[in-house]
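See structure below.
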Amino acid sequence: MANPTAKAEFHSEAELKRIKAKDIEAMTRLVNTYTHELFNASLGLGFSETDSRDLVQNVWLTIFEKIQNFEGRSHIRSFLFGILYRKAKEHRRENSKASASEQIEQLVDSRFDEKGHWHKPPVNPEEFALGAEKAFVIKHCLEGLNTSQRTAFYLKEVQGEDSHRICEVLEVSISNLGVLLYRARNFLRECIESKLEAKPEQESRK
Amino acid sequence: MISCKDLARVVSSQTKVGFFKQLEIKLHVMMCVHCAKYVDHLKKIGTESRKLFRKDGPENDACVEEIKREVIKKLNEHSE
């Protein structure tokens, strides 16, 4: 149902007018088109399936209340996702995994010598093979990030959001966002590398 | 020339750098096998994460359909 043609429809003035007037059919089309994407985004932001279900329902209720405030300057998708990110922030609490992912600075430092050359270099690409069958490794490692790091990583890498927008969502400065991304990516890299090393399954590469 | 350690920080934090710094980074990655591996790892992490959360797979279809039904039900209740 969520096909590109359906999404393109929401560019039309007439459809936006119907949505703002809370026309049931138009709103239903909107719900059918974007629920899947909002749900996947919620999972990506680190919410469980149950929490994502609540969150997405909550997002839609807010949208029904606030839709008349939508000015149509941006695509309606940005409006919907803006509400998702705000609601996500209200829902989440900083988890206690902060310490593990914050020690990443020392771990990364220990990979270099005093001149800044690699002392313990990354493994070879063939040892860092991430395919569909290794998705569980990424999922597992993502759980080690704290919520701010995870949100920063998700919005930048998966949603491809602009840095300024991510700073608004997380209420951080550009340099803080840099620190969050640095820690998130290096934590993931270190975590994945150690997990792949720990499971030296003999897979035929030929 | 930028050190491997500084390169790792700039690349992973996506710090905005000037044209010449960018060029320096590109040249460094071309010449340094370890930094090339590092950059390759980050790219793979990005690509695989996008696949993980962007797929409209059947895995959560039932759940999504249920949310839609609930929301549309509420929407109809609201309008009555």
Side-chain angles (χ1 to χ4, degrees), chain A residues 1-2 22 24 27-28 31-32 35-37 39-41 43-44 49 52-53 56-57 60-61 64 108-109 111-112 115-118 121-125 128-132 134-135 138-139 142 153-154 156-158 160 163 174-175 177-186 188-189 192-193, chain B residues 1-17 24 28-29 31-80:
Chain A
M1 251 181 254
K22 297 189 183 177
I24 293 286
M27 290 299 271
T28 304
V31 171
N32 280 329
T35 299
H36 206 155
E37 214 182 322
F39 183 75
N40 276 350
L43 293 177
E49 205 167 289
S52 295
R53 194 186 287 241
V56 173
Q57 291 199 16
W60 280 118
L61 291 184
F64 299 156
V108 176
D109 280 354
R111 288 208 168 246
F112 299 95
K115 285 183 179 161
H117 297 310
W118 287 98
V123 296
N124 290 328
F128 202 87
L130 287 171
K134 294 283 164 57
I138 304 181
K139 271 190 186 166
L142 276 166
F153 175 79
Y154 176 78
K156 190 79 195 169
E157 203 73 88
V158 182
S163 293
I174 281 280
S175 64
L177 175 63
V179 174
L180 289 173
L181 289 171
Y182 168 82
R183 288 182 179 166
R185 289 195 172 113
N186 284 289
L188 289 174
R189 207 200 67 75
I192 292 167
E193 192 174 273
Chain B
M1 184 65 122
I2 187 168
S3 72
C4 301
K5 189 177 178 181
D6 289 342
L7 183 140
R9 185 167 281 275
V10 171
V11 171
S12 60
S13 64
Q14 278 186 287
T15 306
K16 276 227 155 58
V17 291
E24 210 181 313
H28 183 127
V29 174
M31 293 184 300
C32 172
V33 63
H34 299 321
C35 285
K37 284 190 280 186
Y38 178 83
V39 170
D40 174 70
H41 290 187
L42 294 192
K43 269 190 196 156
K44 277 186 187 157
I45 293 170
T47 312
E48 294 304 320
S49 304
R50 278 190 289 283
K51 281 190 203 157
L52 200 61
F53 294 108
R54 279 247 167 126
K55 63 169 187 194
D56 281 354
E59 215 175 288
N60 50 35
D61 262 4
C63 188
V64 172
E65 289 308 316
E66 209 176 296
I67 301 172
K68 284 183 193 170
R69 268 198 304 277
E70 274 296 308
V71 170
I72 292 168
K73 198 173 123 199
K74 281 188 187 143
L75 179 64
N76 282 300
E77 283 167 6
H78 262 269
S79 71
E80 276 164 13

| Of the backbone (N, CA, C, O) and the side chain (C-beta and beyond), which part of T15(B) lies under 4.5 Å from a heavy atom of chain A, both, or neither? |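 Neither part, no heavy atoms under 4.5 Å.
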Taking side chain as everything from C-beta outward and backbone as N, CA, C, O, which of these in [X] sits under 4.5 Å from a heavy atom of chain B? Side chain, backbone, both or neither.
X       : result
F128(A) : both
I192(A) : side chain
V108(A) : neither
L142(A) : side chain
L61(A)  : side chain
K156(A) : side chain

| Between C32(B) and Y38(B), does a side-chain contact (heavy atoms from CB on, under 4.5 Å) hold up when you go through it step by step? | CA-CA 10 Å; C32(B) 172; Y38(B) 178 83; over 6 Å; no
| field | Note: E66(B)-R53(A) ion pair, threshold 4.0 Å (strictly below) | value |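 The answer is yes: the pair qualifies as a salt bridge.
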| request: Identify whether the distance between the nearest side-chain nitrogen and carboxylate oxygen of E65(B) and R69(B) falls below 4.0 Å. | output: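 R69(B) and E65(B): not salt-bridged.
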| request: Apply side chain to side chain contact (heavy atoms under 4.5 Å, CB included) to V29(B) and list each qualifying residue two or more places apart in sequence or on a separate chain. | output: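 Partners of V29(B) under the side chain to side chain contact (heavy atoms under 4.5 Å, CB included) test: L7(B), I25(B), A36(B), V39(B).
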| request: For K5(B), check salt bridge (charged side-chain N to carboxylate O under 4.0 Å, His left out) against everything at least two apart and list the hits. | output: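 Result, salt bridge (charged side-chain N to carboxylate O under 4.0 Å, His left out) vs K5(B): D109(A).
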| What residue, out of V33(B), I45(B), D40(B), has the most heavy-atom pairs lying under 4.5 Å from chain A? |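 Most pairs with chain A among the choices: I45(B).
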| request: Applying side chain to side chain donor-acceptor pair (under 3.5 Å) between E48(B) and each of R50(B), K44(B), K51(B), report the one that passes. | output: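 Exactly one pass, corresponding to K51(B).
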